[in-house]
Amino acid sequence: MTETKKRAAAWGEALRKAYPEARCSLHFETPFQLLVATILSAQCTDEKVNQVTPALFKRCTTPASLAAMAQEDLERMIHATGFFRNKAKALIGAAGMIARDFEGEVPRGMDELLRLPGVARKTANVVLGNAYGRAEGVVVDTHVGRLARRMGLTKENDPAKVEADLMRLFPKEEWVVLAHRLIAHGRAVCRAKSPSCGTCSLAHLCPKVGVPERAGSRS
DNA sequence: ATCCCGAGGG
DNA sequence: CCCTCTGGAT
């Protein structure tokens, strides 16, 4: 086992103890609902998403019914989540494509999911891992990327490269829960701006504790 | 690299 | 006023 892989295993174990219950915090009951909620979650808190989705899911029970909505009406319903024009257009486009090309069912594979407007690897990984239980990759959002770098598990900045490193370092069965734990830790402790390194229960593993954010990062 | 975009915190 | 929040498309 490589040195980095050993450190990854140590992080995985520590995260499991610190966040045993970590899971998806978006509210959903079907794969389609999770897809919608995940598209809405871009640059927005999951809590805010959970405030707008109940009314939306009540009005649109199928992809076809969402695709048939007037974009203006949809924009009003999701306004609070930000980026509402882009998101409304993506949702209507994705719902229409699912209705027409996939017989009304959210596709179960990465390649198909990536054809949907507003869906890239992050969103596809969320749906595959959390709705279908068939992860093809690791969810890399702003939290996962930041923590993987701080933890010394990658030096990449490109989310796709971070994902490749994490896939190499962790067994497939841990990919879904790993992302949830990193996100939980990233929100509560290892925040972007002022991480609570002083009270962090994982600090003993961390190469960045006490190291100023930018010092020596460029050579 | 830049744009889309609201809401809440410091 | 600044920044950040489970991104994606151009």
Side-chain angles (χ1 to χ4, degrees), chain A residues 15 19 21-28 31 33-53 55-56 71-72 74-98 106-107 110-132 135-151 153-154 156-163 166 170 174-196 213-214:
Chain A
L15 284 163
Y19 304 94
E21 306 287 311
R23 59 178 191 83
C24 185
S25 50
L26 293 169
H27 296 168
F28 70 98
Q33 288 184 352
L34 180 58
L35 176 68
V36 170
T38 307
I39 289 174
L40 289 175
S41 74
Q43 300 300 106
C44 170
T45 61
D46 50 340
E47 187 185 350
K48 185 69 68 179
V49 173
N50 290 335
Q51 287 170 15
V52 310
T53 46
L56 187 57
Q71 187 172 326
E72 263 187 25
L74 181 54
E75 287 176 3
R76 267 190 287 279
M77 297 187 76
I78 66 173
H79 184 273
T81 66
F83 294 170
F84 58 88
R85 288 192 193 85
N86 282 353
K87 289 176 181 176
K89 188 190 282 187
L91 287 173
I92 289 174
M97 197 177 293
I98 291 168
V106 177
M110 177 65 73
D111 294 340
E112 291 78 14
L113 281 167
L114 292 180
R115 284 183 219 147
L116 303 173
V119 177
R121 286 196 67 90
K122 186 262 173 178
T123 299
N125 278 326
V126 168
V127 171
L128 288 171
N130 295 280
Y132 288 138
E136 292 189 32
V138 180
V139 170
V140 177
D141 58 29
T142 169
H143 290 305
V144 174
R146 180 180 73 251
L147 268 65
R149 281 187 291 278
R150 284 180 179 171
M151 292 172 165
L153 300 178
T154 185
E156 302 292 348
N157 224 326
D158 174 13
K161 295 181 180 173
V162 175
E163 184 183 354
L166 293 177
F170 292 89
E174 293 179 16
W175 289 351
V176 172
V177 71
L178 170 71
H180 288 142
R181 286 171 181 155
L182 288 174
I183 289 163
H185 188 56
R187 286 207 300 218
V189 180
C190 197
R191 295 178 296 271
K193 198 58 183 288
S194 51
S196 302
E213 187 74 15
R214 298 170 158 294

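The chains referred to below are lettered A, B, ... by the order of the sequence lines, with proteins before strands, and numbering in each begins at 1.
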* Check: A:His143 main-chain N/O paired with A:Arg187 side-chain donor or acceptor under 3.5 Å -> no

* To do: Look at the side chain of A:Asn50 and the backbone N and O of A:Ser25, then say whether any donor-acceptor pair between them is shorter than 3.5 Å.
  => yes

* Asked: Using a heavy-atom cut-off of 4.0 Å to chain A, what are the terminal contacting nucleotides of DNA chain B, in 5' to 3' order?
  -> B:dC4 to B:dG8

* To do: For A:Phe28, check ring-ring contact (aromatic ring centres under 6.0 Å, His included) against everything at least two apart and list the hits.
  => none

Name each donor-acceptor pair under 3.5 Å that joins a side chain in residues 35-45 of chain A to protein atoms two or more places apart or in another chain, with its distance.
from, atom 1, to, atom 2, distance (Å)
A:Thr38, OG1, A:Leu34, O, 2.7
A:Ser41, OG, A:Thr38, O, 2.7
A:Thr45, OG1, A:Lys48, N, 3.3

* Do the ring centers of A:His180 and A:Tyr19 come within less than 6.0 Å of each other? -> no

* A:Arg115: what forms a side chain to side chain donor-acceptor pair (under 3.5 Å) with it, not counting sequence neighbours? -> none

* Backbone N/O of A:Thr81 and side chain of A:Lys87: donor-acceptor pair under 3.5 Å -> yes

* What one-letter contact string describes nucleotides 2-10 of chain C from 5' to 3', where B marks a base within less than 4.0 Å of any protein heavy atom, S marks contact via sugar-phosphate atoms alone, and - marks no contact? -> -SSBBBSS-

* To do: Have a look at A:Lys48 and say if it touches a base, only the backbone sugar-phosphate, or nothing, with a 4.0 Å heavy-atom cut-off.
  => sugar-phosphate

* Asked: With sequence neighbours left out, what residues match A:Arg23 under side chain to side chain donor-acceptor pair (under 3.5 Å)?
  -> none

* **Euclidean distance for P, C:dT6 against B:dG10 (whole angstrom)** => 15 Å

